[in-house]
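Nothing fancy with the numbering, it's 1 onward along the sequence.
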Amino acid sequence: MSVAALVLAAGRGERLGADLPKAFVPLAGKPLLLHTLAALARVDEISRVVPVLAARDLERFAALGAALASIPKLAPPVVGGRERQDSMRAGLAALAPEFSLVAVHDAARPFVRPDDVRRVIAAARSVGAALLAVPVTDTIKRVRDARVVETPPRDECWAAQTPQVFRVDLLREALAKATSAGVVATDDVQLVERLGLAVAVVEGHPGNLKITRAQDLALAEARLAAGEESGR
Ligand code: CTP
Ligand code: MG
């Protein structure tokens, strides 16, 4: 079963509030997206890495030139959509039929570890769908209108990360059903969960942070300056 990775990078990065779109914000002097693409390209099981970009960023991407040529397995970019789910749909639609597994990953997670990617791919091969997640340390409250609705047992609460890996046929079916039901999810496995199908949880690493706000970028810079590599 060959595996393709979709690297979703079509968001603007409103919460980061930088001058550049988030994927192009420099991290240790290099655009965030390049760290993430390189981390996935390092995984032997992945044979193609597909960036999904906003149409407004295609020129900016092409201008990276030689830096792109140094990333193996890189496919030409696919144009994403308004919501994350639209970008995922566009990437999925562009996949060649040779791929039977797809790993969907946030461009905003440059620190993903190739070994963790391998483990989540292996789980998806046997179960059909799998994600990286970490147990939460804070107690989680479900809140509505500034009032606590419920406190789910902490030992059952995990924070979802990416990659989330799927059999391509299963993700296509789940996406079609979500679209016809008007469901928009904040992550991809939700689409499979709502069909009542099994999704394997693979314990990842808390270091696989999603760069969302300015303080996340500062932390990422500090980690790289301290000698940690992205995609170690
Ligand atoms: N993403 C995407 N297409 C969209 C929205 C998001 O490909 N229409 C991607 C982002 O580029 C990012 C990942 O999904 O790599 C996770 O989303 P998030 O961290 O929320 O990034 P943004 O949507 O860019 O940030 P914000 O919500 O702060 O604007
Ligand atoms: Mg967003």
Side-chain angles (χ1 to χ4, degrees), residues 1-13 18 20-81 84-122 124-125 132 161-168 171-172 188 208-211 220 224 228-232:
M1 289 203 261
S2 33
V3 189
L6 296 180
V7 178
L8 303 185
R12 174 67 190 76
L20 289 169
K22 183 158 79 178
F24 295 88
V25 163
L27 185 57
K30 186 169 97 174
L32 171 59
L33 175 60
L34 291 182
H35 289 268
T36 311
L37 294 171
L40 291 173
R42 214 164 290 156
V43 177
D44 293 336
E45 288 84 342
I46 292 176
S47 43
R48 193 161 305 164
V49 178
V50 184
V52 180
L53 297 172
R56 59 163 191 271
D57 293 334
L58 290 176
E59 274 183 41
R60 205 189 290 276
F61 182 74
L64 299 175
L68 296 177
S70 74
I71 298 170
K73 312 173 197 175
L74 188 65
V78 171
V79 173
R84 187 185 179 288
Q85 193 168 308
D86 301 322
S87 297
M88 190 271 277
R89 177 186 295 106
L92 194 61
L95 276 194
E98 72 200 79
F99 297 106
S100 50
L101 282 180
V102 62
V104 184
H105 187 62
D106 293 329
R109 295 186 190 269
F111 290 106
V112 67
R113 295 176 170 200
D115 272 341
D116 289 344
V117 180
R118 283 184 196 107
R119 290 190 303 120
V120 69
I121 288 171
R125 271 190 213 288
L132 283 181
Q161 299 181 339
T162 70
Q164 302 190 346
V165 186
F166 305 87
R167 278 202 341 249
V168 169
L171 184 57
R172 287 212 162 106
D188 310 300
N208 181 21
L209 93 153
K210 181 159 76 78
I211 294 179
L224 292 169
E228 187 174 338
E229 284 177 46
S230 52
R232 196 162 41 139

To the nearest 0.5 Å, atom CG of L92 lies from atom CZ of F99 at 12.0 Å
R56 and G11 have their tightest heavy-atom pair at NH2-O, 3.5 Å
Dump the intermediate steps for side-chain contact (heavy atoms from CB on, under 4.5 Å) on L8 and M88, then the final yes or no.
CA-CA 7 Å; L8 303 185; M88 190 271 277; 4.2 Å; yes
Please answer whether the main-chain N or O of Q161 pairs with a side-chain N or O of Q164 as donor and acceptor at a distance below 3.5 Å. yes
Taking every heavy atom of P163 against every heavy atom of V120, the minimum-distance pair comes out as O-CG2, 4.1 Å
So CG of D116 and CG of L132: to nearest 0.5 Å the spacing works out to 5.5 Å
Distance col, row K73:NZ vs S47:OG, nearest 0.5 angstrom, shows 7.5 Å
When rounded to the nearest 0.5 Å, the distance separating CZ of R125 from CZ of R167 is 12.5 Å
Minimal heavy-atom distance between A90 and V79, with the atoms involved, is CB-O, 3.3 Å
Considering only heavy atoms from C-beta outward, does the side chain of V78 approach that of L6 to under 4.5 Å?
no
Query raised in the report: Ignoring hydrogens and geometry, is there a side-chain-to-backbone donor-acceptor pair from N208 to R113 under 3.5 Å?
Result: no
Notebook entry, point to check: V104 and R84: side-chain contact (heavy atoms from CB on, under 4.5 Å), yes or no, with the steps?
Noted result: CA-CA 11 Å; V104 184; R84 187 185 179 288; 4.1 Å; yes
### Task
Could you go through the side-chain contact (heavy atoms from CB on, under 4.5 Å) check for I211 and R109 one step at a time?
CA-CA 6 Å; I211 294 179; R109 295 186 190 269; over 6 Å; no
Using side-chain heavy atoms (C-beta onward) and a distance below 4.5 Å, is R60 in contact with P21?
yes
Is there a side-chain contact between P51 and L74, using heavy atoms and a 4.5 Å cut-off?
yes
Rounded to the nearest 0.5 Å, the NZ atom of K22 sits from the CG atom of D57 at a distance of 13.0 Å
Rounded to the nearest 0.5 Å, the CG atom of L64 sits from the CZ atom of F24 at a distance of 6.0 Å
From the list L20, L27, L37, side chain to side chain contact (heavy atoms under 4.5 Å, CB included) with L32 holds only for L27
Of all heavy-atom pairs linking P110 and A39, the shortest is O-CB, 4.2 Å
Report task. For the pair S87 (side chain) and G81 (backbone), establish whether a donor and an acceptor sit closer than 3.5 Å, ignoring hydrogens and angles. Result -> yes
For a side-chain contact (heavy atoms from CB on, under 4.5 Å) check, start with the C-alpha distance between D115 and R118, then their side-chain angles and the critical distance, and finish with the verdict.
CA-CA 5 Å; D115 272 341; R118 283 184 196 107; 2.6 Å; yes
Closest non-hydrogen contact found for G80 with V52 is CA-CG1, 3.5 Å
Q.
Are more than 12 heavy atoms, taken from residues, nucleotides or ligands other than E98, located less than 6.0 Å from that residue's CD atom?
A. yes
With V102 as partner, the option from V3, D188, V168, V50 fulfilling side chain to side chain contact (heavy atoms under 4.5 Å, CB included) is V168
In the structure I gave you, are the side-chain heavy atoms of V49 and I71 within less than 4.5 Å of one another anywhere? no
All heavy atoms of A96 vs all of R48, minimum pair found to be CB-NH1, 4.2 Å
Margin query: Does any part of the side chain of H35, heavy atoms only, come nearer than 4.5 Å to the side chain of L224, both counted from C-beta?
Written below: yes
